[in-house]
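Protein chains get the first letters and strands the later ones, always in sequence-line order, with residue 1 at the start of each. Remember, it's a predicted structure, so these values are computed and weren't measured experimentally.
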Amino acid sequence: ESSCNLFLAALDKVGNTDMSCKLFNEMKARGYAADVMTYNILIHSLVKAGRVEEAEKYFEKMRDDNCSPDKVTFSVLIGMLGKAGKVETAHDLFREMITKGVAPDVVTYNSLIDITGKAGNTQQALQLFHEMECKGVFPDVYTYNILIYGLGKQGQGKAAYDLFKKMISTGHTPDVITFNHLIDALGRSGAVDLALELLKHMPRHGCTPDHATYTILIDRLGKGGDLKASKDLFKEMLVKGCKPSSYTFNSLIDNLCLGGFYDEAHHLYNQMTDAGCPPN
RNA sequence: CUUGUUUACGACUAU
């Protein structure tokens, strides 16, 4: 049975979901028992493949199989429901797991906070953050990143920045994703100067800007009409040895086109393949 | 090397 799980995990990695289902049926047919991990791996594979209905079917199957879902099962399903836009159902499931005596951990909370924030309910996301702290489930860097992202997407750059400061003052270590989310949040709420300031402060926090960091700022500067600053930052990125991605080129090209600079846009387009990122 | 959580461009959603 445990070798079946190993096999399922390998199939999950390569994304061969059909084969996973086959293997599951095969093992059942041969009378092997599926444990909670078997179901978790399979359900997660189905979710990744966008096969939500089948994932739900296997979740129901667990019941008949006398196999109790654990915190991983619930976390996977919560994430799935969120992506399907069923955030309320996800909250119901969260309550259900608690009722059933399955204690949510930091990943469960992170998943729920993420989908709640992405649905635009930042208030409720922050409430869950508070709730987990009260329950002694300690927030990690994911928790902060998720919250900062949610706040940013709602245009609450100030709140995102405040949370970042709280994070630092409580001894949490930010990572490059924290900065990317925060820089994006600030840019969206018009605080581009502060966003640029943060870019400079990253090394002080042990973080190195990556291609996403630069692209976020390059795009924001361009969208704000400052093509000069946008292009300068692109040059800086290259000078610092950070490789641009298709996103970077696409963003620059888009903003140049919006500004009417078609020749320059075309010039950049011609450079993409040589730069290692062919047009996508 | 047995399972779960977060990021950037574009896209019928723009002014």
Side-chain angles (χ1 to χ4, degrees), chain A residues 1-14 20 34-48 55 58 69-80 82-83 90 97 102 104-118 125 128 132 137 139-153 160 174-185 187-188 195 207 209-223 230 234 237 242 244-258 265 268 272 277 279-280:
Chain A
E1 279 133 35
S2 63
S3 28
C4 282
N5 289 350
L6 248 138
F7 201 176
L8 277 174
L11 289 169
D12 177 61
K13 278 198 180 64
V14 299
S20 299
D35 63 12
V36 62
M37 207 175 273
T38 315
Y39 279 103
N40 288 347
I41 300 169
L42 186 60
I43 290 172
H44 185 231
S45 299
L46 289 164
V47 169
K48 276 203 289 188
Y58 279 101
D70 65 4
K71 62 188 179 185
V72 175
T73 324
F74 283 108
S75 302
V76 171
L77 290 169
I78 285 168
M80 175 192 82
K83 279 178 195 107
M97 79 182 277
V102 180
D105 68 0
V106 62
V107 177
T108 319
Y109 269 104
N110 288 348
S111 304
L112 190 63
I113 291 172
D114 179 45
I115 67 167
T116 305
K118 280 179 178 157
L128 284 162
M132 71 190 281
V137 179
D140 60 11
V141 65
Y142 279 80
T143 318
Y144 283 99
N145 291 354
I146 285 164
L147 280 165
I148 289 169
Y149 181 86
L151 289 165
K153 287 292 186 243
D175 61 16
V176 62
I177 296 180
T178 315
F179 280 98
N180 292 352
H181 288 177
L182 183 58
I183 285 169
D184 185 52
R188 282 178 193 280
C207 297
D210 64 10
H211 54 120
T213 321
Y214 284 108
T215 303
I216 291 165
L217 277 163
I218 285 168
D219 188 56
R220 182 55 50 201
L221 289 165
K223 291 276 189 293
S230 178
F234 179 57
M237 157 181 203
C242 183
S245 68
S246 301
Y247 285 80
T248 321
F249 279 101
N250 291 347
S251 168
L252 280 162
I253 290 170
D254 183 38
N255 291 322
L256 285 166
C257 287
L258 289 170
L268 267 177
M272 290 182 74
C277 27
N280 60 12

Distance in angstrom units between [X] [atom1] and [N] [atom2], rounded:
X: A:M80; N: B:rU3; atom1: CE; atom2: C1'; value: 16 Å
X: A:I148; N: B:rU7; atom1: CD1; atom2: P; value: 13 Å
X: A:L42; N: B:rG4; atom1: CG; atom2: P; value: 13 Å
X: A:I177; N: B:rU5; atom1: CD1; atom2: C1'; value: 11 Å
X: A:L182; N: B:rU6; atom1: CG; atom2: C1'; value: 14 Å
X: A:M37; N: B:rU3; atom1: CE; atom2: C1'; value: 6 Å
X: A:F7; N: B:rU3; atom1: CZ; atom2: C1'; value: 17 Å
X: A:D35; N: B:rG4; atom1: CG; atom2: P; value: 15 Å

Ignoring the backbone of A:N5, work out which of B:rU7, B:rU2, B:rU5 is nearest its side chain.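 My answer, after comparing the listed nucleotides, is B:rU2.
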Out of curiosity, [X] [atom1] to [Y] [atom2], how far, rounded to the nearest 0.5 Å?
X: A:I78; Y: A:Y109; atom1: CD1; atom2: OH; result: 10.0 Å
X: A:I41; Y: A:C4; atom1: CD1; atom2: SG; result: 10.0 Å
X: A:F234; Y: A:T248; atom1: CZ; atom2: OG1; result: 7.0 Å
X: A:D184; Y: A:T213; atom1: CG; atom2: OG1; result: 11.0 Å
X: A:T73; Y: A:H44; atom1: OG1; atom2: NE2; result: 12.0 Å
X: A:N40; Y: A:L8; atom1: CG; atom2: CG; result: 11.0 Å

Close N or O pairs between protein and nucleotides 8-14 of chain B (under 3.5 Å):
from   : atom 1 : to     : atom 2 : distance (Å)
B:rA8  : OP1    : A:Y149 : OH     : 3.4
B:rA8  : N1     : A:H211 : ND1    : 3.3
B:rA8  : N1     : A:S245 : OG     : 3.3
B:rC9  : O2'    : A:S251 : N      : 3.4
B:rC9  : O2     : A:N250 : ND2    : 2.6
B:rG10 : OP1    : A:K223 : NZ     : 3.4

B:rU3 OP1/OP2 closer than 4.0 Å to side-chain N/O of A:K48: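 A:K48 to B:rU3 OP1/OP2: no side-chain N or O under 4.0 Å.
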May I ask you to say what [X] touches in the nucleic acid, namely base, sugar-phosphate or nothing, with a heavy-atom cut-off under 4.0 Å?
X: A:V107; result: base
X: A:S111; result: sugar-phosphate
X: A:T108; result: base

Between A:Y142 and B:rU5, do the rings stack, that is, sit under 5.5 Å apart with planes less than 30° off each other?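 Ring-base stacking flag set for A:Y142 and B:rU5.
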Test log, rule side-chain hydrogen bond (donor to acceptor under 3.5 Å, both in side chains), inputs A:D105 and A:T108: CA-CA 5 Å; A:D105 68 0; A:T108 319; 2.9 Å; yes
Could you tell me how far [M] sits from [N] if I compare only their [atom1] atoms? Round to whole Å.
N: B:rU15; M: B:rG10; atom1: P; result: 14 Å
N: B:rC1; M: B:rU5; atom1: P; result: 14 Å
N: B:rC9; M: B:rG4; atom1: P; result: 26 Å

Check: A:D105 side chain, B:rG4 base, donor-acceptor under 3.5 Å: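 Such a pair is found, so the answer is yes.
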Side-chain donor/acceptor contact of A:T73 with base of B:rG4 under 3.5 Å: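 Between B:rG4 and A:T73, which were checked side chain against base, a qualifying N/O pair under 3.5 Å is absent.
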Any side-chain donor paired with an acceptor under 3.5 Å for A:D175 and A:T178?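 There is such a pair between these side chains.
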